[in-house]
Amino acid sequence: MDTDPLADPLEDGAGRFEPHSTPAHVEDLFDGLTDFAADTESSDAHEEIRELEGLLSAAHERGLIDSRVRGLRVSDAIEAFVGSVIFTSPLLVEDGVFDIADYLFEVTVHSIPVFLLANTLFVVTMTYALVEWTGRDKTEAELLFGRVPTRVIMILVVSFLTAAVLMTVWGRVGNWQPPTEALARINVLWTVGSLGAALGDILSVQDSAPSAVADRDGLRAGRDGARDGRHSASTATQTPTAASSRRLTDIELVDAILEQFDSLESHADDHEERHEMRRLRERTRHATLDDTFGDRIRKYTTRDIAEAFVGSIFFAVPFLVEDGVFDVAEYFLSFRVGGFPVFFLANAAFVLLMVMALVYWAGPQDVQVHRPIFGLVPRRMVGISVVSFLTAAALMTMWGRVADWHDPVVAIARISVVWTVASFGAALGDILPGESSGDDINDDLAEIGGRLEDIVE
């Protein structure tokens, strides 16, 4: 059994030991304190709870404890704009954008530009994947029609307007005559601009979570007022402990929080309450120290697949406009020994070796081989390789860089060039956020298989 350096196993009420605790969001901690306060009549305990809430609020504001909710701010739109500009600027001088735009608009079915529409759908899907499917595991506070995150709409609008303005100012759309041609060129730039806008927003240092702490202060004031008239004042007013927290370093603040949990444990009336307080304490310690000590990655989830997809796009898009890809692919096929394209095969082996090195040997995370295919082949390596290849193939086809697959061998050779860099992006996109939330993909597949068996029966 793996051991966790950040916490000791906790004994439950039946004398058994639970698995190691998981990091908590600030909402989890406030919910736990609310339950504890409801079960105790001690005025000292209520006072310590208010002090601890102030410390947790300060830790949340410093980014030491995450919130599971993200709110949309004006600064998020600014970050999206900056990210969009950074990503689109290098492509403004690439004439390959014109060729791709012509291809997107010229391929039609019943006069409908199918690839232009497909690329637009791809941009929307990619943006949604970045916002919703990454390892940050956040819930958006603002939803359009109760389902669509407003952040996704903001990113798409900001990135499109940025691409349109830059293309117009730099004279890359002429005088917008014809408008359809201008829109097709902007659509190409929008693809990378939306990626930059999304990353600029979600990778910002400052979390855009709404003040869940402030919302709960009013609830606590009403609860404590009903319980004890002395505590009817709003807990939004900082206690001396919360105010003094501004003078504490991050380490001192974390120590103060953990000590406050220890103090509250002494007010617990029974074993179950003491156990719950220890559990909250360990989850708090995980939340504040995980970034320092890093994560051990074992599970492979559908969220990891989405992260690999996004990472492969991030690295692949700049190569899609480079005609040098054609020359490299031609060289891959030109050098043969016994009819086998040696350099093409060598490059494929190199890609797989680099994925293994990035993920398991030289990467920034402690990634372990867990539940390998046939007991031997690492699932993560296969997933990264397949996802990045399919992403490169789809983009190259949609952007007209494989000559409509008239020669499949040449098309695959060109895709393999882009696949090389796409696989690096897929590997980093998968492992950099740490271990993703959700069930292991093997468990998901087993559940799907069980449901199919039930249907058949």
J.: Do you know which two heavy atoms are closest between Ala413 and Ser416, and how far apart they sit?
T.: O-OG, 2.5 Å

J.: Run the side chain to side chain donor-acceptor pair (under 3.5 Å) check on Asn119 and Trp399 step by step: do they pass?
T.: CA-CA 8 Å; Asn119 192 71; Trp399 283 23; 2.7 Å; yes

J.: Side-chain donor-acceptor pair under 3.5 Å between Asp444 and Thr302, yes or no?
T.: no

J.: Going by an N to O cut-off under 4.0 Å, is there a salt bridge joining Glu447 and Arg451?
T.: yes

J.: Are side-chain heavy atoms of Asn187 and Leu116 found at a separation under 4.5 Å?
T.: yes

J.: Applying salt bridge (charged side-chain N to carboxylate O under 4.0 Å, His left out) as the test, list every pair that has at least one member in residues 163-184; sequence neighbours left out.
T.: Asp95-Arg172, Glu181-Arg185

J.: Can you pull the ring-ring contact (aromatic ring centres under 6.0 Å, His included) pairs that have at least one residue in residues 97-117, sequence neighbours excluded?
T.: Tyr103-Phe115

J.: Could you tell me if Ser75 and Arg73 have a donor-acceptor pair between their side chains, going purely by distance under 3.5 Å?
T.: yes

J.: Considering all heavy atoms of both residues, which atom of Pro90 and which atom of Glu94 are nearest to each other, and what is their separation?
T.: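 What the structure gives for the nearest pair is O-CG, 3.8 Å.
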
J.: Considering residues, nucleotides and ligands other than Asn175, do more than 12 of their heavy atoms fall under 6.0 Å from its CG?
T.: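 Check fails, neighbour count at 12 or below.
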
J.: Check whether Phe326 forms a cation-pi arrangement with Arg414 (NZ or CZ under 6.0 Å from the six-membered ring centre, at most 45° off the ring normal).
T.: yes

J.: Under a 3.5 Å distance rule, please check whether Trp405 uses its side chain to pair with a backbone N or O of Thr397 as donor and acceptor.
T.: no

J.: Do Phe424 and Phe315 have ring centroids that are under 6.0 Å from one another?
T.: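 Here the rings of Phe424 and Phe315 have centres that are no less than 6.0 Å from each other.
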
J.: Determine whether Glu276 and Asp35 make a side-chain contact, defined as any pair of heavy atoms from C-beta on separated by less than 4.5 Å.
T.: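 The answer is no; the side chains never approach within 4.5 Å.
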
J.: Quick one: do Arg379 and Asp440 make a salt bridge, cutoff under 4.0 Å?
T.: yes

J.: Pro378 and Met356: which non-hydrogen atoms are nearest, and at how many Å?
T.: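 Heavy atoms only, the tightest pair is CG-SD, 4.1 Å.
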
J.: Report yes if some heavy atom in the side chain of Asp76 is under 4.5 Å from a heavy atom in the side chain of Leu72; otherwise report no.
T.: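 Sidechains of Leu72 and Asp76: in contact.
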
J.: Does Glu142, at its CD atom, have more than 12 non-hydrogen atoms belonging to other residues, nucleotides or ligands within less than 6.0 Å?
T.: yes

J.: Please answer whether the main-chain N or O of Val409 pairs with a side-chain N or O of Asp407 as donor and acceptor at a distance below 3.5 Å.
T.: yes

J.: Are the charged groups of Glu282 and Arg279 less than 4.0 angstrom apart, N to O?
T.: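 Salt bridge: no.
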
J.: Can any side-chain N or O of Ser89 pair as donor or acceptor with the backbone N or O of Ile86 at less than 3.5 Å?
T.: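 No.
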
J.: Is atom CG of Leu353 surrounded by more than 12 heavy atoms (other residues, nucleotides or ligands) closer than 6.0 Å?
T.: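 More than 12 heavy atoms, drawn from other residues, nucleotides or ligands, come within 6.0 Å of this atom.
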
J.: Are the side chain of Arg336 and the backbone of Leu333 linked by a donor-acceptor contact shorter than 3.5 Å?
T.: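 A pair under 3.5 Å: yes.
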
J.: Which pairs pass ring-ring contact (aromatic ring centres under 6.0 Å, His included) with one or both residues in residues 369-390, sequence neighbours excluded?
T.: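 Every pair satisfying ring-ring contact (aromatic ring centres under 6.0 Å, His included) with a residue in residues 369-390: Phe389-Trp419.
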
J.: Under 4.5 Å between any side-chain heavy atoms of Val402 and Ile412, yes or no?
T.: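 Contact flag for Val402/Ile412 side chains = no.
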
J.: Do Thr420 and Asn347 have side-chain N/O donor and acceptor atoms under 3.5 Å apart?
T.: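 Yes, a side-chain donor-acceptor pair sits under 3.5 Å.
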
